[in-house]
Amino acid sequence: MAELVQVIVDVPTMQTNRPYTYRVPEHLERQVQPGMRVMVPFGRGSREVQGFVVAVDQPGEFDGDLKDLAGVMDLSPVLNDELLKLAGWLADQTYAFKITAFYTMLPSLLKAQTTRLVRLVDEVDEQTRLALFADQDELDLAKVQTDPLALSQLMRLRRAGKVVIDYRVHDRARAKQITTITPTLSFDDYEGERLGVLKNAHAQRNLLDYLQSLAGKTVPLKQAQEESGLSAATFTTGAKRGWLKKGQAEVYRDPSGALPTSPTAPPTLNQEQAQAVKRINQATDQRTAETFLLQGVTGSGKTEVYLRAIERALANGRSALMLVPEISLTPQIVSRVRGRFGKQVAVLHSGLSNGERYDEWRRIKRGEAKVVVGARSAVFAPLDNVGLIIMDEEHESSYKQDDAPRYHARNVAKWRAAYHHAPLVLGSATPSLESRARAATGLYHRLTLLHRVNQRPLPPIQVVDMKREVQARGETNYSLPLLNLLTDRLNKGQQSILMLNRRGFSSFVMCRDCGYVPKCPNCDISLTLHMDSRSLKCHYCGHEERIPNTCPNCQGHRIRYYGTGTEKAVAELQTYLPTARIIRMDVDTTRRKGMHEKLLTKFGNHEADILLGTQMIAKGLDFPGVTLVGVLNADTGLDLPDFRSSERTFDLLAQVAGRAGRADEAGQVVIQTFNPDNYVIQLARAHDYERFFVQEMNLRKLGAYPPYYYTVRVMGSHPDEQMAARVMQAVRQELVGQLDSQTIILGPTPRAIARLKNRYYYQIVIKYRHDPALHARLTAIMEGAQQQFDRETQVMIDPDPQYFL
DNA sequence: AGCACGCCGACT
DNA sequence: GTCGGCGTGCTC
């Protein structure tokens with residue numbers, strides 16, 4: 001009996017989201033293993049697609065005629081047993097296609113490209129042939145895809161059987177190759193050769209000298225040229241004479257380039273740090289998949305705890321994974337890890353080219369790198385024998401991927417930690433409520449760092465009431481207290497950072513007199529501004545009302561669409577402080593690659609006095625010269641129509657406050673707000689995360705929000721708005737009555753951005769505590785959506801969404 | 001996704 | 001009568 005394999009093909013639809021059985025042709029027998037990429041014929045015609053082998057020699061249920069594998073693309077599996085299992089779990093948990101899960105775990109170069117080539121197989125009249133094919137007998141279909149006339153002509157020819165379309169799958173993954181040279185003769189033989197060379201052939205004599213100096217060693221051609229000062233042509237001549245052999249060698253592209261690895265002496269730990277390290281290392285040694293919540297104020301030395309824990313994992317002969325949010329994956333942190341662990345470190349971040357990413361991935365896979373530092377997708381790094389997983393700034397929302405597969409790196413990290421019996425360390429100064437709550441119930445082990453390493457207290461925070469400022473001085477972004485402090489710092493030659501919170505720009509309205517923001521009467525969530533209909537909508541329950549002309553609270557007339565741009569803010573500031581050198585940092589000024597670093601370096605070199613920017617300046621920066629931090633508009637994030645807006649604002653304020661006075665000089669923080677009495681502002685001012693946690697938990701309990709309830713968002717889209725609404729109505733019908741009595745189904749409601757790319761979006765939000773039936777029902781909805789509705793219908797499911805916009 | 005099969009309107 | 005429109009079903 002022929003050998004059989006089960007293959008998941010690269011055709012991302014629900015109908016093909018299952019393994020297909022193929023026969024292994026004789027010449028490939030016993031070579032195909034699970035986790036390898038293969039090429040398989042799929043469908044009628046000569047279509048060929050890439051697929052992943054998920055099982056070998058297990059007969060499937062299919063009893064029709066089987067096709068043969070067309071070929072294997074890998075010599076060894078690209079996905080090991082662990083990652084194959086993980087992919088299955090991931091696809092199931094996130095309602096994603098298995099093929100999407102596979103590709104998510106691999107560097108993008110391993111996604112094959114298919115080209116469609118049109119080939120002439122029969123006589124075609126000369127004119128048509130010349131018009132379409134010019135003088136070629138093959139034509140890349142992608143090149144005429146945009147030409148409807150040529151396309152229809154080709155289709156006609158195809159129906160007439162005069163042309164066929166060939167599918168070619170090709171792998172884009174290429175190891176970088178360099179040319180090398182190897183001496184072929186012995187020292188004495190080279191002396192002999194010297195006799196046969198003309199006296200004035202200096203280059204060849206020098207080449208002989210150089211080859212002798214190599215003593216048989218293989219070196220890259222480029223290096224040989226540099227060392228000998230000879231041209232490539234000389235080496236070619238040498239090869240012709242049999243003096244040397246040219247070869248090819250695989251090398252890694254080096255993304256670290258000239259990045260300095262600064263081996264620094266590890267600082268001594270304070271008592272809290274030592275205690276935390278001890279507990280984590282115990283778990284590492286005993287191989288317990290325990291989850292730790294390392295809660296430490298800014299500057300308390302969490303990173304040093306991570307490094308010590310990694311050290312232990314390595315000492316035990318195991319590997320370590322360290323996740324950081326993309327935004328804080330700065331050269332600073334990378335060089336710190338490199339400084340400690342040197343070449344064993346691989347770094348994965350969005351700044352790498354596809355080739356560099358592929359090379360780092362191969363270094364990890366071959367076991368050459370034992371420590372991986374990277375952003376979200378690095379959680380899939382092909383490390384073996386993981387001894388420790390660290391997730392820094394675990395509350396960051398960027399750990400959740402917002403397209404398919406909609407996974408949260410924290411959940412994946414937990415899965416892998418359990419698989420490897422390794423501890424998981426979640427670190428943060430302001431943990432997510434979910435994690436902090438789990439630590440409270442004992443599900444996670446909480447470790448605290450209450451003291452800053454430099455013994456300095458956290459900077460004092462002054463809250464300025466902008467209502468009064470605006471009443472007294474008219475519209476402005478800058479209060480007098482802030483301006484006075486800025487002037488003071490300018491005079492002392494010290495630096496300041498100003499943050500303009502742009503989150504939710506113009507997406508809600510607020511009264512400039514009393515700070516009132518319209519809220520939904522049913523949901524107690526701020527209403528979203530819809531300019532197209534000039535209305536305010538709640539997209540939890542669908543409530544809609546007109547934009548008020550006067551404030552319902554104070555009857556004032558100054559209702560504004562809230563939001564202000566950095567450009568305007570800089571211009572205004574310059575009128576107050578004409579001599580100040582100001583750097584503006586926002587998406588506009590940092591769009592070009594490298595600009596982010598360039599502006600920061602400039603500021604770090606004290607080439608400017610004030611850095612004014614959006615959220616992006618809040619994270620990971622460490623400028624000793626900064627003694628003043630101002631938040632121009634703390635409210636903007638506060639009143640977003642999102643139950644997490646308070647949590648995010650608190651995190652952000654805590655984060656920026658940590659930017660002030662990190663070195664010798666004491667720092668100061670000013671928060672400007674229209675809601676000075678708001679509990680978020682007040683507790684941020686007091687640096688009191690724990691009280692914020694308690695208070696916010698109460699509100700979440702009252703509103704039936706996470707972490708008391710889990711949430712799932714089901715989105716449906718369609719080019720026709722009526723249809724989109726109808727689809728989601730039908731989805732609701734399939735859920736109603738099937739779920740737990742405590743489960744709440746909200747909607748369907750149109751999304752805040754109702755139309756995107758000419759599709760209309762409606763969504764349902766499900767809140768539940770414990771609902772064993774829900775997962776299966778949602779999977780069934782995904783699977784049935786295609787048959788039940790027309791082809792234009794798209795249904796997406798987002799478990800634990802971070803945003804509901 | 002992409003292709004074939006199949007059932008209805010405007011043309012040689 | 002046929003060419004070709006796109007609705008529906010299937011791909012090992």
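None of these values were measured; they are calculated from a predicted model. The sequence lines fix the lettering, A, B, ..., with proteins before strands; numbering per chain opens at 1.
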**Student:** B:dA1 C1' sits how many Å from A:D10 CG, rounded?
**Tutor:** 9 Å
**Student:** Checking all strands, does A:D790 fall into the base, sugar-phosphate, or nothing category for heavy-atom contacts under 4.0 angstrom?
**Tutor:** nothing
**Student:** Here's a test of your reading of the structure: between A:R44 and A:P12, which maps to the more 5' nucleotide of DNA chain B?
**Tutor:** A:P12
**Student:** Grab the CZ-C1' distance between A:F789 and C:dG7 for me, whole Å please.
**Tutor:** 17 Å
**Student:** Between C:dT11 atom C1' and A:M39 atom CE, what is the distance in whole Å?
**Tutor:** 19 Å
**Student:** Which nucleotide in the set B:dA1, C:dC12, C:dG9 lies at the smallest distance from any side-chain heavy atom of A:Y20?
**Tutor:** C:dC12
**Student:** Does the B:dG2 base have a donor-acceptor partner in the side chain of A:R116 within less than 3.5 Å?
**Tutor:** no
**Student:** Would you say A:H420 and A:E82 are linked by a side-chain donor-acceptor pair, where the criterion is simply a distance under 3.5 Å?
**Tutor:** yes
**Student:** So, the side chain of A:Q31 versus the backbone of A:H27: is there a donor-acceptor pair under 3.5 Å, distance only?
**Tutor:** yes
**Student:** So which nucleotide from C:dT8, B:dA1, C:dT11 ends up closest to the side chain of A:R18?
**Tutor:** C:dT11
**Student:** When all nucleic acid strands are considered with a 4.0 Å heavy-atom cut-off, which category describes A:Y22: base, sugar-phosphate, or nothing?
**Tutor:** sugar-phosphate
**Student:** Consider the side chain of A:L66, meaning its heavy atoms from C-beta on, and name the nucleotide among C:dC12, B:dA1, C:dG9 that approaches it most closely.
**Tutor:** C:dC12
**Student:** Below 30° counts as parallel, above 60° as perpendicular, anything between as tilted: where do the rings of A:F42 and A:Y20 land?
**Tutor:** perpendicular
**Student:** Rounding to a whole Å, what distance do you find between A:R791:CZ and C:dT8:C1'?
**Tutor:** 7 Å
**Student:** What's the CD-P distance between A:Q15 and C:dT11, to the nearest Å?
**Tutor:** 11 Å
**Student:** Expressed as a whole number of angstroms, how long is the span from A:M723:CE to C:dG7:P?
**Tutor:** 13 Å
**Student:** Under 4.0 Å, counting only non-hydrogen atoms across every strand here, what does A:P19 touch: a base, just sugar-phosphate, or nothing?
**Tutor:** nothing
**Student:** Please state how far atom CZ in A:F52 lies from atom C1' in C:dC12, giving the value in whole angstrom units.
**Tutor:** 18 Å
**Student:** Once you round it to whole Å, what is the distance between P of B:dA1 and CZ of A:F42?
**Tutor:** 13 Å
**Student:** Under 30°, 30 to 60°, or over 60°: which ring-plane class applies to A:H775 and A:Y95, parallel, tilted or perpendicular?
**Tutor:** tilted
**Student:** Could you tell me whether a side-chain N or O of A:R416 sits under 3.5 Å from a main-chain N or O of A:I389, the two making a donor and an acceptor?
**Tutor:** no
